[in-house]
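Data block below; observations after.
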Amino acid sequence: MSDTLPLGVTLNGIERSVEVDPRRLLVEVVRDELGQPGTHIGCLTGDCGACTIELDGQIVKSCLLLAASANGCEITTIEGLAENGELTTIQQAFWDEYGFQCGFCLPGMLFAAKDLLEVNATPTDGEIRSAINGNLCRCTGYDTIVKSIAEAARRMAAA
């Protein structure tokens, strides 16, 4: 009997397959076997958001999932957010408005912003703060993150 299971995923648009220990967390496999270091290992309890990815179109905290459960799924990591090598409007707004410092919380913040702006094109500051709840940042005090998301919404509405 094998100690590993096959894992086949579409990672940032590219078909990938690896053998995984059935006890490994998805965050570990994404980083170690699939080479996406932007997906961070933080709290391992789902509280910080540093491990956030998109799994079949839904944002999830990859530290809460076993890697084997993602077999056959489409995964987008923070490395896969850019469009044709160019920053998305949200990423550019974070850059321009200083919405990050160390970058550790960035996966959770960017995916939360993307998720919010897909359903609410003109969020209030309160709605933005609610959307990023569950993502911890120890550098910015959140004000520049909220400002970045609001700016991204403005830019997207003007486009």
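Side chains are part of it too, since the values below use all heavy atoms of this structure and drop only hydrogens, waters and symmetry mates.
Counting heavy atoms from C-beta on, the side chains of Glu54 and Lys114 come closer than 4.5 Å. At a threshold of 4.5 Å between non-hydrogen side-chain atoms, the residues Ile90 and Met156 count as touching. Side chains of Thr52 and Val60 form no contact here, defined as non-hydrogen atoms less than 4.5 Å apart. At a threshold of 4.5 Å between non-hydrogen side-chain atoms, the residues Arg16 and Ile75 do not count as touching. Between Asp115 and Phe111, the closest side-chain pair of non-hydrogen atoms is not below 4.5 Å. Between Cys137 and Ile145, the closest side-chain pair of non-hydrogen atoms falls below 4.5 Å.
A donor-acceptor pair is defined here as one N or O able to donate and one able to accept, closer than 3.5 Å; such a pair exists between the side chain of Gln36 and the backbone of Leu34. When atom types are taken as modelled, the side chain of Asn84 and the backbone of Glu86 share no donor-acceptor pair closer than 3.5 angstrom. For Gln58 (side chain) and Leu55 (main-chain N/O), no donor-acceptor pair under 3.5 Å exists by modelled atom type. No donor-acceptor pair under 3.5 Å is formed between the side chain of Gln92 and the backbone N or O of Thr89.
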All N/O donor-acceptor pairs, side-chain side in residues 63-74, below 3.5 Å, sequence neighbours left out:
| residue | atom | partner | partner atom | Å |
| --- | --- | --- | --- | --- |
| Ser69 | OG | Leu66 | O | 2.6 |
| Asn71 | OD1 | Gly8 | N | 2.7 |

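Residue Thr39 holds its OG1 atom at 11.0 Å from CG of Leu106, rounded to the nearest 0.5 Å. In this structure, CD on Gln101 lies 14.0 Å from CZ on Arg138, to the nearest 0.5 angstrom. Atoms CD1 and CG, on Ile132 and Leu116 in that order, are 9.5 Å from each other to the nearest 0.5 Å. Here the SG atom belonging to Cys48 is positioned 7.5 Å from the NZ atom belonging to Lys61, to the nearest 0.5 angstrom. Once rounded to the nearest 0.5 Å, the distance linking CG of Asp21 with CG of Leu7 reads 12.0 Å. We find the CG-OG1 distance between Leu81 and Thr76 to be 7.0 Å, quoted to the nearest 0.5 Å.
Under the salt bridge (charged side-chain N to carboxylate O under 4.0 Å, His left out) criterion, Arg154 pairs with Glu151, not counting sequence neighbours. The salt bridge (charged side-chain N to carboxylate O under 4.0 Å, His left out) test applied to Glu83 returns no partner, not counting sequence neighbours. Residues meeting the side chain to side chain contact (heavy atoms under 4.5 Å, CB included) test with Thr144, sequence neighbours left out: Thr140.
In the hydrophobic cluster analysis, where Ile, Leu, Val, Met, Phe, Trp and Tyr join through side-chain heavy atoms closer than 4.5 angstrom, Leu117 is grouped together with Tyr142. Under the 4.5 Å side-chain heavy-atom criterion for ILVMFWY residues, no single connected hydrophobic cluster contains both Ile78 and Leu25. A single hydrophobic cluster is seen to contain both Ile128 and Phe100, as judged by linkage of ILVMFWY side chains at heavy-atom distances under 4.5 Å, directly or through other members. Both Ile53 and Val20 are assigned to one and the same hydrophobic cluster, defined by single-linkage of ILVMFWY side chains at heavy-atom distances under 4.5 Å.
The hydrophobic cluster containing Phe104, built from Ile/Leu/Val/Met/Phe/Trp/Tyr side-chain heavy atoms closer than 4.5 Å, comprises no other residue.
The list of salt bridge (charged side-chain N to carboxylate O under 4.0 Å, His left out) pairs with a residue in residues 119-137, not counting sequence neighbours, reads Arg129-Asp143.
Considering all non-hydrogen atoms of both residues, Pro37 and Arg31 come closest at O-NH1, 2.6 Å. Heavy-atom minimum distance, Thr77 versus Glu79: OG1-OE1, 2.8 Å. Cys51 and Ser62 get closest at one heavy-atom pair: O-OG, 2.7 Å. The two residues Pro107 and Gly38 have their closest heavy-atom pair at CG-O, 3.1 Å.
The residues Asp96 and Arg155 are annotated as salt-bridged, a charged nitrogen and a carboxylate oxygen being separated by less than 4.0 angstrom.
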Test Glu19 against Thr4 for side chain to side chain donor-acceptor pair (under 3.5 Å), laying out the working first. CA-CA 6 Å; Glu19 293 287 320; Thr4 62; 2.9 Å; yes
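Each of Leu136, Asn135, Ile149 was evaluated against Met109; a single residue qualifies, Asn135, per the side-chain contact (heavy atoms from CB on, under 4.5 Å) test.
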